[in-house]
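Reminder, nothing fancy here: chain letters follow the sequence lines and each chain counts from 1. As a basis for the values below, the full set of heavy atoms in this structure was taken, side chains included, without hydrogen atoms, waters or symmetry mates.
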Amino acid sequence: MSAPAAPASEVRLTLPDGSVRTYGAGVTAGRVAADIGPGLAKAAMAARFEGTLIDLDRPLTRSGRLAIVTRKDEADALELIRHDCAHLLAQAVQALFPGTQVTIGPVIEDGFYYDFARNEPFSVEDFEAIEAKMRALVDADLPTRREVWDRDAAIAHFEKLGESYKAEIIADLPAGEDISVYFHGDWHDLCRGPHLPSTKHIGKAFKLTKLAGAYWRGDARNAQLQRIYGTAWREEKELAAYLHRIEEAEKRDHRRIGREMDLFHFQEEAQGSVFWHPKGYVLWRQLEAYIRRRQDEDGYVEVKTPQLLASKFWEQSGHWSKFRENMFVVPDEIPSTEEGAPLVTGQGQMMALKPMNCPAHVQIFKQGIKSYRDLPIRMSEFGCCHRNEAHGALHGLMRVRQMTQDDAHIFCRDDQVTDETLRFLRLFARVYGDFGLTDISYRLATRPEVRAGSDDVWDRAEASLARALDAAGLSYAIAEGEGAFYGPKLEFHLTDAIGRSWQCGTFQLDYVLPERLDVTYVGEDGQRHRPVMLHRAVFGTFERFAGLLIEHFAGRFPLWLAPVQVAVATITSDADSYAQALSGRLRAAGLRVETDLRNEKITYKVREHSLAKTPILLVVGRKEAAEGTVSLRRLGSPDQEVLASEAAIAQITREAAPPDRAA
RNA sequence: GCCGGCGUAGCUCAGGGGUAGAGCAACUGAUUCGUAAUCAGUAGGUCCGGAGUUCAAAUCUCCGCGCCGGCACCA
């Protein structure tokens, strides 16, 4: 930190309205607020000085832009409230559970958490008492005080209190950084700040939400702490709105819709593997047919490779050493049928279900000699892979142990990498656009600590990906050090109903596997060269992508994806034969149809097919049967449209075309 | 894998040492009805599994398993 300029005797403060106020150096933002008006002084939560959020009582020693932050400044107010709320939680917990150590308590999206070290477990039943204590502390209106301590004294102080985690944090703070300690009444915590002037400013629109274990410093080798999550808002109304939003989001949960719409199920004998039901598999088949067409038109060739390969094969590819703990292994032996005998002797060689398709694709590439003229080869496979994911990681369709990727590997020359990257980005944009997916976050994952290949190669590869993203006009975050060991990657993330981010598409540059598996082509010069391998997936996996689509559409699929596209419902049994004939014609036109001849009132049928999220309902009664018409009703609308049956079939057929085949 | 919670009918949930409950769904019957719930009746259970305590366990204890929420991991 650079030393501040020698304090001038006067500071000139420019307020947001452009007015300038002059004070003696050392004036505080709180004082300025009071001078502007008592209302502002009361509402003041903190201040922004030269863009930085600061405490109201921090002395200002130089001139600059100053803005008083109040509850009306949503982003700042929420940040301050949530940060103070984390402190409030820690203060309450230490009051109620002596001996509990505090660690860290940051603000997160929609709330905050605090990690505690305590031998006895907390239970959600403790929340009520903790919240009550927090409210009491708000009522007590404890003033905030900031002190700057000497580093060694601070470490000694927290050690003496038995707060070894805090002491460790202080010891790790960069030299030269102020060790600031905030007091809220008698309670104090090491903190960078800033904080509200007193606990009353936090308000009471908060709620503790979840309890979880979390490793100290995010490292599973460290002790596990107890994390308490909470949410906090400016007022009760916002809190209520947030809780309502969460409730609504839960209704979009793909696991819930999957059951309600009879799309798929899981059971414990095959945990992490999906049982796709007929209606769910319709969705799968549409996705597969669609992406196959998109890839065909983009110059891909499709292959199919083995599920089960010998361990020797995986040793060569590097998976045996790098990925084995995620693999399912199978002994290549005939199991014993003898009573009491061990199932297998363990003498046979081990095989493994493939966790990735890439090494198998390399085998196909290596059949025969490839010329530079053959490249690029875009080899795709709807490859079914198995990964032995940790039990705690499994999550509906989003994280499974058996998955099918819309995988492909592009073997190309160095000089083709940029073109191929751009080509993929175009394909990606077209596909996600077809599904109306716009909320995509792009990440460029760069070289990890442990990696193969020279820095030269990495420089080139990372720059190449960044250039492609720029050329495509995409803004992206850099995920420092999160690349694969063999190369950097682009990650395309989608967000689920409750805000969790999942990687779907991916695009990776690989210079290592071709080397490892000795992949070559013959160049123009007659010499052997290494191709570059681009690993890429558009959906990622059918499972995860389907899960995200279910949540994206909340089960109300566009016509081309809907498991049941049309329901034909009769008003009286007099229309049964007409309805059956109509359904037959719809089916002949390639549509997925249900015929509802049940002896129920039409209101009942309308309700049922609406709840089933069937996009189009054709109601037929005596009148329609007599006139050869249908009454067409669309999901979500009470409107009806009477059409000649022929016209209705033509129109629905047209609307049901997949986006790549739409007229 | 780790921490916390949960596990009762197809679904949503109540019950908490003494004969297992409701609503919806299912089934049967009646009703033939014009755009989001017609009425009546019937059937449905290894209360996740195993062991223990007890005269008696869905209920209490222990051990497993699964699921949910996080953490770690992660294409």
Taking only heavy atoms on the protein side, list every residue of [range] lying under 4.0 Å from any atom of RNA chain B, sorted numerically.
range                       : value
residues 537-551 of chain A : R544(A)
residues 245-273 of chain A : R255(A), R259(A), E268(A), Q271(A)
residues 489-510 of chain A : K489(A), R500(A), Q503(A)
residues 626-636 of chain A : S631(A), R633(A)

Y442(A) vs F428(A) aromatic rings, parallel, tilted or perpendicular, using cut-offs 30° and 60°? perpendicular

**OP:** Specify whether H409(A) and F411(A) have parallel, tilted or perpendicular ring planes, treating 30° as the upper limit for parallel and 60° as the lower limit for perpendicular.
**Re:** tilted

Quick note, side chain to side chain donor-acceptor pair (under 3.5 Å) partners involving residues 537-556 of chain A, not counting sequence neighbours, are H254(A)-E551(A)

What's the gap between [N] and [M] when it is taken at their [atom1] atoms, as a whole Å value?
N       : M       : atom1 : answer
rC6(B)  : rC13(B) : P     : 14 Å
rC60(B) : rU54(B) : C1'   : 10 Å
rA9(B)  : rG21(B) : C1'   : 10 Å
rC3(B)  : rA75(B) : C1'   : 25 Å
rA51(B) : rU59(B) : P     : 13 Å
rU8(B)  : rA58(B) : P     : 15 Å
rC62(B) : rG69(B) : P     : 26 Å
rA22(B) : rG44(B) : C1'   : 14 Å

Quick one: [X] [atom1] to [N] [atom2], roughly how many Å, whole number?
X       : N       : atom1 : atom2 : value
E600(A) : rA37(B) : CD    : C1'   : 9 Å
H391(A) : rG69(B) : NE2   : P     : 16 Å
L394(A) : rG70(B) : CG    : C1'   : 15 Å
L211(A) : rG70(B) : CG    : P     : 13 Å
F127(A) : rG69(B) : CZ    : C1'   : 11 Å
N388(A) : rC74(B) : CG    : P     : 15 Å

Looking at residues at least two apart in the chain, or sitting in another chain, which of them share a side-chain hydrogen bond (donor to acceptor under 3.5 Å, both in side chains) with [X]?
X       : answer
E131(A) : none
D262(A) : H277(A)
S441(A) : none

Using atom types as modelled and distance alone, determine if a side-chain donor or acceptor of K605(A) lies under 3.5 Å from a backbone N or O of V619(A).
no

Ring pair (Phe, Tyr, Trp, His ring centres under 6.0 Å) filter on F507(A), not counting sequence neighbours, yields F424(A)

Could you list the protein-to-nucleotides 60-63 of chain B atom pairs, N/O on both sides, closer than 3.5 Å?
none

Which pairs would a plain distance check flag for residues 628-635 of chain A, meaning a side-chain donor or acceptor within less than 3.5 Å of a matching protein atom at least two apart in sequence or in another chain?
| residue | atom | partner | partner atom | Å |
| --- | --- | --- | --- | --- |
| R634(A) | NH1 | E655(A) | OE1 | 2.9 |
| R634(A) | NH2 | E655(A) | OE2 | 3.0 |

If pairing requires Watson-Crick or G-U wobble contacts with both distances under 3.5 Å, which nucleotide is the partner of [N]?
N       : result
rU28(B) : rA40(B)
rG18(B) : rC55(B)
rC67(B) : rG5(B)

Under 4.0 Å from OP1 or OP2 of rU32(B): is there any side-chain N or O of T570(A) that close? no

- Nearest-nucleotide wise, let me know which of E624(A) and F323(A) is further upstream toward the 5' end of RNA chain B.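 The residue closer to the strand's 5' end, by nearest nucleotide, is E624(A).
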
S311(A) meets the side chain to side chain contact (heavy atoms under 4.5 Å, CB included) criterion, sequence neighbours left out, with E315(A), W320(A), M350(A)

Tested for side chain to side chain contact (heavy atoms under 4.5 Å, CB included) against R217(A), the lone hit among T103(A), D115(A), D172(A) is D172(A)

task: Please confirm whether R227(A) makes a cation-pi placement over Y113(A), using NZ or CZ under 6.0 Å from the six-membered ring centre and within 45° of the ring normal.
output: yes

**Prompt:** Can you tell me how far CG of L208(A) sits from CG of L89(A), rounded to the nearest 0.5 angstrom?
**Reply:**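 L89(A) atom CG to L208(A) atom CG measures 5.5 Å (nearest 0.5 Å).
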
Notebook entry, point to check: So, for F275(A) and F266(A), is the gap between ring centers shorter than 6.0 Å?
Noted result: no

